[in-house]
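Heads up: the structure comes next, in structure tokens.
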Amino acid sequence: MVSIASYADHHFSGVEALWNEAFPHDNPWNAAKTSIPEKLKVHPELLLVAIEQGTVVGSVMGGYDGHRGWIYRAAVLKSHRGQGIGKALVEEVEKRLAALGCIKVNLQVVASNAAVVGFYRSLGYQVEERVSMGKHLPRSGAHLAEQAAAKTGSGG
């Protein structure tokens, strides 16, 4: 039996393994060691895991800026797909977003994963005419100092 829970620190290795399987060619800034600590700073209750017998078998990350909600990093282990786990994760994060006052949820699907569009359509999502754009910002001084300290092994 699978249960949906809020992420806790002891789930890290399971989420990391899941994301490595689900997103094998992803950019380094999306790695669990980078994304999870940042997510936990803002709406940590929107980072969810699906657990079966103590093992992380799925995850989803939600975001809310007060205007729109977003779904990120939805993933289920290949061995557990087709069992309703992804649907349960998405529905729970939608419920939590709605509780925050969110009235519209967006998500993006990378072109190389277009096969998942049917899954989201089955949950009521529609393809919208949009141009997705992005820009990488330089890391802040605090992030640079943390990175430098990590490289040299000093804590401060």
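The first residue of the sequence shown is numbered 1, and numbering continues consecutively from there. Just so it is clear, the model here is predicted, and its values are computed rather than measured.
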Is the backbone N or O of [Y] less than 3.5 Å from a side-chain atom of [X], with the two atoms forming a donor-acceptor pair by type?
X: R96; Y: E45; answer: yes
X: K87; Y: S122; answer: no
X: R81; Y: V76; answer: yes
X: H11; Y: A8; answer: yes
X: S35; Y: N30; answer: yes
X: E52; Y: S3; answer: no
X: N27; Y: W29; answer: no

Subject >> Parallel, tilted or perpendicular: ring planes of Y72 versus W70, cut at 30 and 60 degrees >> reply: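 Plane angle under 30°, so parallel.
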
**OP:** Begin with the C-alpha distance, continue with both residues' side-chain angles, and end with the deciding distance and a verdict on side chain to side chain contact (heavy atoms under 4.5 Å, CB included) for R121 and V127.
**Re:** CA-CA 8 Å; R121 283 185 190 271; V127 174; 3.3 Å; yes

**OP:** Determine, step by step, whether V49 and L18 satisfy the side chain to side chain contact (heavy atoms under 4.5 Å, CB included) criterion, reporting the C-alpha distance in whole Å, the side-chain angles of both residues, the deciding distance to 0.1 Å, and the verdict.
**Re:** CA-CA 10 Å; V49 291; L18 167 67; over 6 Å; no

If you measure from [atom1] on [X] to [atom2] on [Y], what distance do you get to the nearest 0.5 Å?
X: M61; Y: E38; atom1: CE; atom2: CD; result: 10.5 Å
X: Y64; Y: L46; atom1: OH; atom2: CG; result: 10.5 Å
X: L77; Y: E21; atom1: CG; atom2: CD; result: 5.0 Å
X: N113; Y: Q108; atom1: CG; atom2: CD; result: 13.0 Å
X: S6; Y: L48; atom1: OG; atom2: CG; result: 6.0 Å

Report yes if the side chains of [X] and [Y] come closer than 4.5 Å at any heavy-atom pair, otherwise no.
X: I51; Y: V57; value: no
X: L89; Y: I4; value: yes
X: F12; Y: Y7; value: yes

What pair of heavy atoms forms the shortest contact from [X] to [Y], and how long is it?
X: V15; Y: S59; result: CG1-OG, 4.5 Å
X: G69; Y: C102; result: N-SG, 3.3 Å
X: T34; Y: P28; result: OG1-O, 3.9 Å
X: A74; Y: I71; result: CB-CG2, 4.4 Å
X: W19; Y: A75; result: CD1-CB, 4.5 Å

Subject >> Full working for side chain to side chain contact (heavy atoms under 4.5 Å, CB included) between Y125 and V105 >> reply: CA-CA 9 Å; Y125 288 81; V105 180; 3.6 Å; yes

Original post:
Any chain of hydrophobic side-chain contacts (each under 4.5 Å) joining L123 to V116?
Top reply: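 Yes, L123 connects to V116 through the hydrophobic network.
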
Original post:
Among the clusters formed by ILVMFWY side chains lying less than 4.5 Å apart, do V110 and V90 turn up in the same one?
Top reply: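 No, it is not one cluster - the side chains of V110 and V90 are not joined through contacts under 4.5 Å.
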
Subject >> Which residues share a side chain to side chain donor-acceptor pair (under 3.5 Å) with K104, sequence neighbours left out >> reply: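 If we apply the side chain to side chain donor-acceptor pair (under 3.5 Å) test to K104, skipping adjacent residues, the hits are N106, E128.
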
**OP:** Start with the C-alpha gap between Q126 and Y120, add the side-chain angles, then the distance that decides, and say whether side chain to side chain contact (heavy atoms under 4.5 Å, CB included) holds.
**Re:** CA-CA 8 Å; Q126 301 172 25; Y120 287 113; over 6 Å; no

